[in-house]
Amino acid sequence: MKLTRRVKEILSWYESDNPGTKANLARILMEGKLGGTGRLVILPVDQGFEHGPARSFAPNPAAYDPHYHFELAIEAGLNAYAAPLGPLEAGAATFAGAIPTILKVNSSNSLASAKDQAVTGSVADALRLGCSAIGFTIYPGSEYAFELMEELRELAEEAKSVGLAVVVWSYPRGPNLDKVGETALDIAAYAAHMAALLGAHIIKVKPPTEAISLEAAKKTYQAHPIEVQDPAKRIAHIVQACFNGRRLVVFSGGEAKSADALLNEVKAIHAGGGNGSIVGRNAFQRPKAEALQLLSNIIEIYKTKP
Ligand code: FBP
């Protein structure tokens, strides 16, 4: 595999990483239809944990089968497939080496009220399953945020020491944040920045809204305004918060929505210099042919010159 100049440049941002971790980042960056461009589209399927089986898969029952998600990610030409232990084990032999995988090593569920996640996988599992990275969620703002960060510190140290990459889902939530605050621009930037500070190679956040929510930050944003009405400018601010673009940042798709709404978000991510999308429900809750068409449209946007 001959690495493109762009991928070599991205790898150079990760100055402390060993060859194993860089090779795994390269595997993800060189895979699929966006391979070599520095842009990424990843399929995440941990919603069975987060929201339960019917809410996740009833709209498209084929998606109850873990093999379905490997096939969808491969047929769509995506960069990677991320999932908890069980689904990755369920397709491990059939799809070994077919697409880079990310083992989601912690998970929450809707039966619990705590804004917390249980550790449900290990670095040894990720190696055994041939994964390129571990994935970990933190909830900045939650009463468990410090424990989550400490768990991540340990797992990330171990993952990096054996040549795996680390992907951090950073989702602000908890008693100090209302619904607006969870996706407000200042808080999303803060959450993305904390993931970078924690040593993430790839950061995942939700696309931010135009709200500026944190009282303590309002004055600063007034003094140094951002054109918050422009979605691409909001994305650019998140990129800034990720070490001024020295860390890869991807944005989630969210609940099922119209293809046009999703594609408009993707255009803003692209124009704002985001590195790509991590789209779950909007992909696997559609019938496969429709999902493949939508993912292909997303990929085409990322292939154009911003
Ligand atoms: P979606 O594209 O389906 O939003 O997936 C992205 C994701 O981060 C999943 O990995 C996770 O299960 C889900 O969102 C969690 O969403 P929320 O915390 O908003 O319920």
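Atoms within each ligand, like the ligands themselves, are counted from 1 in listed order. Here the structure is a predicted model, which means the values were calculated and not measured.
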Residue portion contacting ligand 1 (non-hydrogen atoms closer than 4.0 Å) for F49:
neither
Between R281, Q47, K204, E50, flag the one that comes closest to atom 7 (C) of ligand 1 by a heavy atom.
K204
Is K104 close enough to touch ligand 1? Criterion: a residue heavy atom under 4.0 Å from a ligand atom.
no
Run the ring-centre check on F57 versus Y64 and record whether the distance is less than 6.0 Å.
yes
Before giving the answer on side chain to side chain contact (heavy atoms under 4.5 Å, CB included), spell out for E75 and K288 the whole-Å C-alpha distance, their side-chain angles and the decisive distance to 0.1 Å.
CA-CA 10 Å; E75 283 174 42; K288 196 171 190 190; 2.9 Å; yes
Does the Lys NZ or Arg CZ of K104 fall within the cation-pi geometry relative to F136 - under 6.0 Å from the ring centre and within 45° of the axis?
no
Show, in sequence, the C-alpha distance, side-chain angles and deciding distance for N275 and Y302, and conclude whether the side chain to side chain donor-acceptor pair (under 3.5 Å) test is met.
CA-CA 9 Å; N275 298 94; Y302 284 125; over 6 Å; no
Does ligand 1 have a heavy atom under 4.0 Å from the side chain of R173, from its backbone, from both, or from neither?
side chain
Considering the heavy atoms of G254, write down every atom of ligand 1 situated less than 4.0 Å from one of them.
1 (P), 2 (O), 3 (O), 4 (O)
Taking side chain as C-beta onward, heavy atoms only, is F243 less than 4.5 Å from L197?
yes
Protein contact of atom 20 (O) of ligand 1 - nearest heavy atom, named by residue and atom, plus distance
H51 NE2, 2.5 Å
Which atoms of ligand 1 have any heavy atom of V279 under 4.0 Å away?
2 (O)
Any N or O on G280 sitting closer than 3.5 Å to an N or O of ligand 1?
yes
When distances are taken from atom 19 (O) of ligand 1, the protein heavy atom at minimum range is K206 NZ, 2.4 Å
Within-4.5 Å side-chain heavy-atom neighbours: L129 and L85:
yes
Heavy atoms, side chains only, cut-off 4.5 Å: are P175 and E143 in contact?
yes
Considering only heavy atoms from C-beta outward, does the side chain of I278 approach that of F251 to under 4.5 Å?
no
What do you reckon, does W169 have a nitrogen or oxygen under 3.5 Å from a nitrogen or oxygen of ligand 1?
yes
Minimum-distance protein heavy atom relative to atom 12 (O) of ligand 1
D46 OD1, 2.6 Å
Pull out every atom of ligand 1 sitting under 4.0 Å from any heavy atom of Y171, numbered as shown with elements.
6 (C), 7 (C), 8 (O), 14 (O), 15 (C), 18 (O)
Determine the interplanar angle of the H69 and Y81 rings, folded into 0 to 90°, and report it as parallel if under 30°, tilted if 30 to 60°, perpendicular if over 60°.
parallel
Within-shell test, I278 vs ligand 1, heavy atom, strictly < 4.0 Å
yes
Looking only at distance, does E255 have an N or O less than 3.5 Å from an N or O of ligand 1?
no
